[in-house]
Every structure is written in structure tokens, then in C-alpha cells.
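We number each residue from 1, following the sequence as shown.
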Amino acid sequence: MELLHKATAFSWTHTISTSLVVPQPLSRFEAKRLRVWCASDQTKDKMTVSITGATGFIGKRLVQRLQADNHSVRVLTRSRSKAELIFPVRNFPGIKIAEEPEWKDCIQGSDGVVNLAGLPISTRWSSEIKKEIKQSRVGVTSKIVDLINGSPDGVRPKVLVSATAIGYYGTGETQVFDEQSPSGNDYLAEVCREWEGTALKVNKDVRLALIRIGVVLGKDGGALAKMIPLFMMFAGGPLGSGNQWFSWIHLDDIVNLIYEALSNPSYKGVINGTAPNPVRLAEMCDHLGSVMGRPSWLPVPDFAIKAVLGEGAAVVLEGQRVLPARAKELGFSFKYLYVKDALKAILS
């Protein structure tokens, strides 16, 4: 959603007749005041935003969106060389890329911080990988919160938008989850609780929005990047039973939700980053096959998924039905309400 700019209204004081109104000439003082007001109105919505996880699937698109609207972006990274490859100066002029020793200076003076850092979970979970999955989220969040809290009042960011995940709710075929639902009792729920708990330690003067993100759909990453090659080889189909719920969101919508959370003071607390119409995974695969002109008849059995993902297989075999109740209350406008429309837009 684009930032809303106030319209400038003028009050006319000299009425010639009931149908004709002409403006009263402005004094030099009034004209100067009006010019100052208009100039400040044009610039007041421009933000300086620091972002962790900017080189990831969501982060890259968010950086592009912020830059397109002439906001200042500071990419907080642990690998300058990787960030410079993804954000070359010729395409991303003015973006500041900062490694960890520079994070403090970037955060101080930023209007907002977006925290998207985290190791992908779509891999086989060993005990070591599970530690890394948690630490990559909790550790970075803790560092960001400490840097925000340590910032002097005049340069402390006003808002922290911190990613979390719908894994908070656990899994289930029959339950419907929204922001008021309790947390689950599996490993990902534990990670999300600790992740969110760390973000909640931010200074109380800083507005905090916790975005519990679902399965993000886009062409160049996320779940679709793994599914499209299978369908291209006529080997696509539902994973497991296909009855499990698939709570998805289009990449553009999650970026718009984060953007709105940065700029709109009503966005605070937990907000589910999922589309209003989750689907069963079998339906998702049917739509994907239809859009691609490929069959979706070859299911991938449970044992094959478990062989690849181990304990992590629970994420795709069980699923959860998550609704964006808070986003709808806030009046957020989803561009893609139905998965078929999202897939058509992505694959067209």
C-alpha cells in the first residue's frame, strides 16, 4: 500500500455570489508559511529504515519497495560481499551496507528497524541445525533490541517490525488459529516463543509489530522455488495426505504488510502475515498444476518426506489453518485473496 499523503486544502473567504468563490490573496507571511507547510508535508513520510535479513527472499523485495518510494535503506549484514552482490551500487544507489561493527551507527538515527534474519527451516533437522535455527533468530533479535535500547532518546528508532512465524501455533488439521490462539508445544512453537519474547524486551517507547509469517509465495524463492521444478517434470503433487492446511501469503502482500507496519502507528503487537483464505495442500497443488499446465496426481508419500526432512517433515505433513484477524481489523488491503490468483500472477 502506498503511503497516504494529506491533501492540501485552501479556505476561500471572499464570496461574490452563491455560486462563485474566489481566493483571498495571501500575505507574504501566509505564503511563506504555506510553502514551509507544503515542503514539510512532502518529506515527513520519508523514512530511514535499517533491515536485517535484507538479502533473503522477503528482505530483497522490501528493500526494492522502500527504495522505489525514496526511503533511505541501511542493510545490516554479516557478509558485506554477499550484500554487495545482491544490491549492486548501479541498481541500488544510496543504500548503506553495514557489517556488525557498524550496526549501532545505522540503528541510531533510523526511524524504524525491520528484523527478518533467520536460517531457513526447510532442511533436515539435526540437533546442531536446530540450535542454529533458533540462534539465528533469537541471537540477532537480541542484538537488535540491545542496540535499540542503548540508543539515546533523540536517535532511538520509533518502531521495530520483527518477523516471527505461524509455527508459533503448532500444527493441526481441525483447529483455526488467529492472533489470540495459544502457542503450540512443538519445536517451532518453542523457537517462536523465544524469538518473540526477545523482541518484547525492546524499550516500551518503541512501537513493536510482531509479524507471524506464513508460507510466502513468489517465483524466485520460498516454497514455490522447490515445487515448480517438480511440476515442470510432471512429478508434482500433494505432500503426504494433502489434507493438511496451507496458510500462504503472496510476497507482495507480506512486503506491503511490513511496509504498513513501519509507517502506520496502529500496527502494533502480533499480526498474522497470512492471506485470508488458506487452502488444503492438495488444492494448492491442483491450482499450481492447473496454472502451469501440468498434472498434480502424483502424491509424495509421508516416508519420502521424512527421509529428506526428518523431524522437520512435520511442518509440511501437518500444517495449520491461520487467519489474519488483526490485519483485517486494521483494514489492510490484500492484493491476493485467493491462492489461484496469486499463482497466476507469479507464474504469468
Student: Taking C-beta and beyond as the side chain, do Val159 and Asp111 meet within less than 4.5 Å on heavy atoms?
Tutor: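 Answer no - side chains too far apart.
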Student: Taking side chain as C-beta onward, heavy atoms only, is Glu260 less than 4.5 Å from Tyr267?
Tutor: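 They are in contact (side-chain heavy atoms under 4.5 Å apart), so the answer is yes.
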Student: Can you name the residues that form a side-chain contact (heavy atoms from CB on, under 4.5 Å) with Gln175, not counting sequence neighbours?
Tutor: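 Per chain and number, Gln175 pairs via side-chain contact (heavy atoms from CB on, under 4.5 Å) with Phe177.
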Student: List the steps and the verdict of salt bridge (charged side-chain N to carboxylate O under 4.0 Å, His left out) for Glu190 and Arg193.
Tutor: CA-CA 5 Å; Glu190 174 191 323; Arg193 285 195 301 273; 5.3 Å; no
Student: Keeping to residues at least two apart or across chains, list the ring-ring contact (aromatic ring centres under 6.0 Å, His included) pairs with something in residues 128-166.
Tutor: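 Qualifying pairs: none.
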Student: Tell me whether Glu102 is salt-bridged to Arg80, with the criterion being a basic N under 4.0 Å from an acidic carboxylate O.
Tutor: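 Salt bridge between Glu102 and Arg80, a charged N being under 4.0 Å from a carboxylate O: yes.
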Student: Does the distance from a Lys or Arg side-chain N to an Asp or Glu carboxylate O, for Glu196 and Arg212, drop under 4.0 Å?
Tutor: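 Between Arg212 and Glu196 there is a salt bridge, with a charged N closer than 4.0 Å to a carboxylate O.
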Student: Does either side chain, that of Tyr168 or that of Asn272, offer a donor lying less than 3.5 Å from an acceptor on the other one?
Tutor: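 Asn272 and Tyr168 do not have a side-chain donor-acceptor pair below 3.5 Å.
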Student: How about Tyr187 and Trp125: are their ring centroids closer than 6.0 Å?
Tutor: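 Under 6.0 Å, so yes.
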Student: What pairs of residues pass the side chain to side chain donor-acceptor pair (under 3.5 Å) test when at least one of them lies in residues 334-344, not counting sequence neighbours?
Tutor: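 Every pair satisfying side chain to side chain donor-acceptor pair (under 3.5 Å) with a residue in residues 334-344: there are none.
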Student: Salt-bridged, Glu283 to Arg280, with N to O below 4.0 Å?
Tutor: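 Arg280 and Glu283: not salt-bridged.
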Student: Side-chain heavy atoms under 4.5 angstrom apart, residues restricted to Ile, Leu, Val, Met, Phe, Trp, Tyr: same cluster for Ile258 and Phe332?
Tutor: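 Result: yes, single cluster for both.
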Student: Any chance you could measure His71, atom NE2, to Ile95, atom CD1, to the nearest 0.5 Å?
Tutor: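 Those atoms lie 12.5 Å apart.
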Student: Can you tell me which residue among Asn115, Thr52, Asp146, Thr164 is in a side chain to side chain donor-acceptor pair (under 3.5 Å) with Thr141?
Tutor: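 With Thr141 as partner, side chain to side chain donor-acceptor pair (under 3.5 Å) holds for just one option, Asn115.
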Student: Once you round to the nearest 0.5 Å, how far does OG of Ser79 lie from CD of Glu100?
Tutor: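 It comes to 11.5 Å.
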